[in-house]
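Quick notes on the structure that follows.
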2 protein chains.
Amino acid sequence: MESSTTSGGTSRREATRQKLYEAAVTLIAEQGFSATTVDEIAERAGVAKGTVYYNFASKSVLFEELLRHGVGLLTASLREAAESTARGGGSKVDALDAMIRAGLVFIDRYPAFTQLYVAELWRTNRAWQSTLMVVRQEAVAVVEGVLREGVAGGEFSEEIDVPLTAAALVGMVLVAALDWKSFQPERSLDDVHAALSRLLQGRVSGRR
Amino acid sequence: MESSTTSGGTSRREATRQKLYEAAVTLIAEQGFSATTVDEIAERAGVAKGTVYYNFASKSVLFEELLRHGVGLLTASLREAAESTARGGGSKVDALDAMIRAGLVFIDRYPAFTQLYVAELWRTNRAWQSTLMVVRQEAVAVVEGVLREGVAGGEFSEEIDVPLTAAALVGMVLVAALDWKSFQPERSLDDVHAALSRLLQGRVSGRR
DNA sequence: CTTTTTGAACTGACTGGTCAGTGCAAAAAC
DNA sequence: GTTTTTGCACTGACCAGTCAGTTCAAAAAG
C-alpha cells in the first residue's frame, strides 16, 4: 500500500526523516544544537531514539542534512523571485525587491530554521562549518548576481561593493524579519515589506 | 602586584573576573554556551575551577554578566557617536553614519562578543532571555532615537517605520561586519564603512 | 588577620550512541 | 489460498563517558 501522505516524500522512511527535521528544527532553534538532546528530538517527532540513528548517522549529520534541506528551499525561492521579475522585463531594483519579499515569505514560513541558521553561521571550529559555508554562498550568490547585472546594465553605480552590499542587504532583511517575528508578530508581511522597500530605495532620507 | 591593564577594574577580584570574561567570550562564540565547559573557561583564563565559582554563582550567571558588560560597552559607544555629531551640528544622516562606524569599530574590536550575541538573541526559552531583551532594547533605542529626531526635524520621511527601520539598519551593519571579519578580514574598516554609507544614503540605485 | 585563589577529589544527573529484538507487509514457496 | 520467509523500519533498555557544581584544606596575597 502506498502511503497517501502529502509532500513528495514517498517511502515511510522519508516521512520519518521529515518528522525528525521538523522536530529538530524547532528544538535547536530554541535551545541551540548542544543543548538539544537526541531524546528530545525523538520524543517530539514521536519516534524512538533508535529511529533517529537508523535514519541518520549521528546527531551532527542530522543537523547538517537539515541545513542543506532548508537552505535549498530558500535558494530556490530567491532564484524564482529574481527570474520572475526578469521575465516581466522588470528593473534590477524590482528584482531585489522581489527577493526581499521572497526572503520575508521564507522567514515567515520557517522562522525556526532562520533562527537556527543565523545562530550557527558565524561560529568557528564546528563540524558542519563547511556545509554552512557552502549553502550560505549558494544563497548570497543569487543576490550578488542581481547586483552585478545591475552594475553591468548601468542601473547601479559601479562603485558599489557587490559582496559587501549583498551581505548588508541579506542582513537587513534577516534582522528586520527576525525582529518582526520575535517582537511584533502581529504585523503583516506587506507592512514589513513596504518598510524595507522604502529603505532599499533610499526613500528614508530623501525628502519627497 | 597591580595589573597594569586597561579598563577600570581595580581590585584583584575584578581583574580575575575580566580574565574570565575574556576566556568565556571566545570559547562561547566558537562553540556556543552549552558546548563550552567551565573547565575550559578556567583553563583558558589561567585560573582554577574553584575560582570561577568563587567569582560567579554559576555558569549561567557568568554568561549573563558577560552579556551585560559587553552590550554596555556598545551602547555607550553608540550614544557617544550620536552625541558627538549632534554637538557638531551635523544632520541626522551624519549621526546614523557615525553610529554605523561606531558599530563597525565595536565589532572590529570585539568580534567574538558580537558573534555570541547574535547567536543568542533570537532564541527562546533560555534562562538569560530577559537580560538579552533588556540590553538589546538599550542599544536599539539609541538608533530609534536618532530616527525619531530625524522625522521630527523633517529630515526623514514621516512614513518610515522607526522600530523596523532601526532593526534593519542594525542588521545591515551586523551582517556586513560579521561577513567582513569572517570572510574578508584583510579589508579596512574605512572601506567597509564607505560601502555601508553608500547603501544608507541610497546611492546604490541612484544613477549619478 | 582577611580576602582571594588553588587544585584535586567527588557526586549525581544527563547524554550520545549501541544493539538485540519486534512488527509487519510483500514476496516466495507450496 | 495458505504458509513461510525475507528484510526494512523501528524500538527502547542499556552503557560508558561527560559535565556542572561542591567541598575543603591549605597556600598566596595584601
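All values derive from a computational prediction rather than experimental measurement. Sequence lines set the chain letters: A, B, ... in the order given, protein chains first and strands last, and positions in each chain run from 1.
- Judged by distance alone, with hydrogens and angles left aside, K49(A) brings a side-chain donor or acceptor within reach of the base of dG17(C), the pair sitting under 3.5 Å.
- Contact annotation: T51(B) side-chain N/O to dT6(C) OP1/OP2 distance is under 4.0 Å.
- Between N55(A) and dC10(D), a side-chain N or O to OP1/OP2 separation shorter than 4.0 Å is present.
- A salt bridge does not link D108(B) to R101(B): none of the charged side-chain nitrogens sits closer than 4.0 Å to a carboxylate oxygen.
- Residue K59(A) places its side chain closer to dG16(C) than to any other of dT5(C), dG16(C), dA9(D).
- Of the two residues contacting DNA chain C, namely G50(A) and V38(A), the nearest-nucleotide position lying further toward the 5' end is that of V38(A).
- Across all strands shown, T36(B) has heavy atoms under 4.0 Å from sugar-phosphate atoms exclusively, and none from any base.
- With salt bridges taken as basic N to acidic carboxylate O contacts below 4.0 Å, none links R44(A) and E22(A).
- Electrostatic pairing of R198(A) and E159(B) counts as a salt bridge here, judged by a charged N lying under 4.0 Å from a carboxylate O.
- The side chain of T37(A) places no N or O atom within less than 4.0 Å of a non-bridging phosphate oxygen (OP1 or OP2) of dC14(C).
- Straight-line distance from the CD1 atom of I41(B) to the P atom of dG7(C): 18 Å, rounded to whole Å.
- OP1 or OP2 of dC10(D) sits under 4.0 Å from a side-chain N or O of T16(A).
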TODO: List the steps, then state whether side chain to side chain donor-acceptor pair (under 3.5 Å) holds for D97(A) with S197(A).
DONE: CA-CA 6 Å; D97(A) 201 58; S197(A) 271; 2.4 Å; yes
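- For the pair V52(A) and D39(A), both in contact range of DNA chain D, the more 5′-proximal nearest nucleotide belongs to V52(A).
- Between the CD1 atom of I28(A) and the P atom of dT15(C) there is a distance of 14 Å, given to the nearest Å.
- One atom, CZ of R13(A), and another, C1' of dC8(D), lie 9 Å apart when rounded to the nearest Å.
- For K19(B) and dT4(C), the NZ to P distance is 15 Å, given to the nearest whole Å.
- Considering only side-chain N and O atoms, Y54(B) lies nowhere under 4.0 angstrom from the phosphate OP1 or OP2 of dT5(C).
- Atom CD in E43(A) sits roughly 17 Å away from atom C1' in dC10(D) (whole-Å rounding).
- The separation between E40(B) atom CD and dA20(D) atom C1' is 13 Å, rounded to whole Å.
- The residue from F33(B), Y21(B), F113(B), F56(B) that alone fulfils the ring pair (Phe, Tyr, Trp, His ring centres under 6.0 Å) condition with F63(B) is F33(B).
- A straight line from CZ of R17(A) to P of dC8(D) spans 15 Å, rounded to a whole angstrom.
- Rounded to whole angstrom, the span from the OH atom of Y53(B) across to the C1' atom of dA8(C) amounts to 16 Å.
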